[in-house]
Amino acid sequence: MLKHYFFLLLLVGLLLSSCVPTQDMIYLQRKDENANETLVNTVNSKPYRVQSNDILSISIKTIDPKLAQIFNPTSNENSLLKSDQLLYFEGYTVNDHGVIRVPVLGEVLVLGLTTEEIRKKIEERLLSEYFYKESNLFVNVRMAGFRYTINGEVQLPGTKTLYQEKVTILEAIANSGDITMTGNRKEVMVIRQLPQGVEMHTIDLTDSKALQSNYYNLQPNDYIYVKPLSQKSWGTGKTGLESLSFVLTVLSLLTTTFLLLRK
């Protein structure tokens, strides 16, 4: 009789340990005592500073469109038909020395500057060398798409490009089809390339404190890696039904082996 109880407890233990708990799949949970209070977080996002191999989109407008056309890579007509993907070919690529080549202006050092600082730099040069203040000069500088790479336990891994100014890690994951059931939401790694080197940080997306992390708001060229849960390496199943099926299969195999050995 004791053997049957032991066997039953072992079966229940296997089922409980092999399933993925619901708490490990819910994002941004309030895990402190004041869970009923409204959570207000300060946005921890620093302005992105341009690095080598980045691609910039620069447009220059003035009351004299013919003069502005000299500085723009395409005419106004073509720009209306231009797709976002063509920015890779028509944008301004930052070379290994941190320089872009702008028509007429020549080489412009942009490494380590924000897009706003680059805009002011180009605008000042144009006003001092080619335009008057009365020309209503308008310069717009943007990153040619927000590019990041995501890998690991997500539905759609790979390199992605979003055409917006800011991207959070949850938006990046949603754009990749969400984390799979066997993905570890408590240990999502963000690898960030900085001028001084590479930074690696692990963020717990099941905790609402993730909103306060400097890595919640991504920067262009960030690499995201979602680690697998131990259930995936065990191969026991993600849900209770899958785990029960696994246990029954193992028991069936053991019973068959036992009966064969008795013969």
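- One finds a salt bridge joining Arg142 and Glu165 here, because a Lys/Arg side-chain nitrogen approaches an Asp/Glu carboxylate oxygen to under 4.0 Å.
- The minimum heavy-atom distance linking Ser52 with Asp96 is given by the pair OG-O, 3.7 Å.
- Separation of atoms CD (Gln196) and CG (Leu194) is listed at 4.5 Å; rounding is to 0.5 Å.
- For the atom pair CD1 (Ile100) and CD1 (Ile118), the distance works out to 6.0 Å, reported to the nearest 0.5 Å.
- Under the 4.0 Å criterion applied to side-chain N and carboxylate O atoms, Arg192 and Asp222 are assigned as salt-bridge partners.
- Across all their heavy atoms, Met200 and Ile191 have their closest contact at CG-CG1, 4.0 Å.
- No hydrogens or angles considered: a donor-acceptor pair under 3.5 Å links the side chains of Asn221 and Asp54.
- Between Lys120 and Glu117 no salt bridge is recorded (no basic side-chain N to carboxylate O distance below 4.0 Å).
- At least one side-chain heavy atom of Ile60 sits under 4.5 Å from a side-chain heavy atom of Leu126.
- A pairwise comparison of heavy atoms in Leu156 and Gly177 identifies CD1-N, 4.4 Å as the closest pair.
- Atom-to-atom distance recorded for Ser230:OG and Asn184:CG is 8.5 Å, nearest 0.5 angstrom.
- Taking the side chain as every heavy atom from C-beta outward, Asp178 and Ile173 approach each other to under 4.5 Å.
- Here the shortest heavy-atom pairing between Ser176 and Tyr148 reads OG-OH, 3.7 Å.
- Between Asp204 atom CG and Gln29 atom CD the span is 8.5 Å, to the nearest 0.5 Å.
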Side chain to side chain donor-acceptor pair (under 3.5 Å), that's the test. Do Glu199 and Tyr215 meet it? Break it down for me.
CA-CA 10 Å; Glu199 282 188 359; Tyr215 290 81; 2.3 Å; yes
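- Within the 4.5 Å cutoff, the side chain of Lys121 has heavy atoms near those of the Leu113 side chain.
- In this model, a donor atom of one side chain and an acceptor atom of the other lie less than 3.5 Å apart for Thr180 and Glu153.
- A donor-acceptor pair is defined here as one N or O able to donate and one able to accept, closer than 3.5 Å; no such pair exists between the side chain of Ser135 and the backbone of Phe131.
- Residues Leu137 and Leu127 meet the side-chain proximity criterion, which asks for heavy atoms closer than 4.5 Å.
- Glu187 meets the side-chain hydrogen bond (donor to acceptor under 3.5 Å, both in side chains) test with Lys227; sequence neighbours excluded.
- Between Lys160 and Arg147 the shortest side-chain heavy-atom distance does not fall below 4.5 Å.
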Please assess Ile169 against Val190 for the test side-chain contact (heavy atoms from CB on, under 4.5 Å), listing each intermediate value before the final yes or no.
CA-CA 9 Å; Ile169 190 169; Val190 179; 3.7 Å; yes
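- With no hydrogens or angles considered, no side-chain donor-acceptor pair links Tyr48 and Asn217 at under 3.5 Å.
- Side-chain contact between Ser57 and Tyr163 is absent, with no heavy atoms from C-beta onward closer than 4.5 Å.
- Smallest separation of non-hydrogen atoms from Arg125 and Val108: NH1-CG2, 3.8 Å.
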Set out, in order, the CA-CA distance, both residues' side-chain angles and the distance that settles side-chain contact (heavy atoms from CB on, under 4.5 Å) for Val99 and Val94, then state yes or no.
CA-CA 5 Å; Val99 170; Val94 184; over 6 Å; no
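- Side-chain atoms of Arg49 never come within 3.5 Å of backbone atoms of Leu111 as a donor-acceptor pair (strictly under, hydrogens ignored).
- For Gly152 against Tyr225, the heavy-atom pair with the smallest separation is CA-CE1, 3.7 Å.
- Going from atom CE of Met189 over to atom CG of Asn151 covers 12.0 Å, rounded to the nearest 0.5 Å.
- Between the side chains of Tyr223 and Gln193, no donor N or O sits under 3.5 Å from an acceptor N or O.
- Using a 4.5 Å cut-off between side-chain heavy atoms of Ile, Leu, Val, Met, Phe, Trp and Tyr, with links allowed through other members, Leu56 and Val104 fall into the same hydrophobic cluster.
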Glu107 vs His97, side-chain contact (heavy atoms from CB on, under 4.5 Å): CA-CA, chis, key distance, verdict
CA-CA 11 Å; Glu107 294 187 343; His97 303 288; over 6 Å; no
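- For the atom pair Phe138 CZ and Thr62 OG1, the distance stands at 12.0 Å (nearest 0.5 Å).
- When only modelled atom types and interatomic distance are considered, Tyr27 and Asp207 share no side-chain donor-acceptor pair under 3.5 Å.
- Counting heavy atoms from C-beta outward, Leu28 and Leu170 have side chains that approach closer than 4.5 Å.
- Looking only at side-chain heavy atoms (C-beta outward), Ile58 and Ile122 come within less than 4.5 Å of each other.
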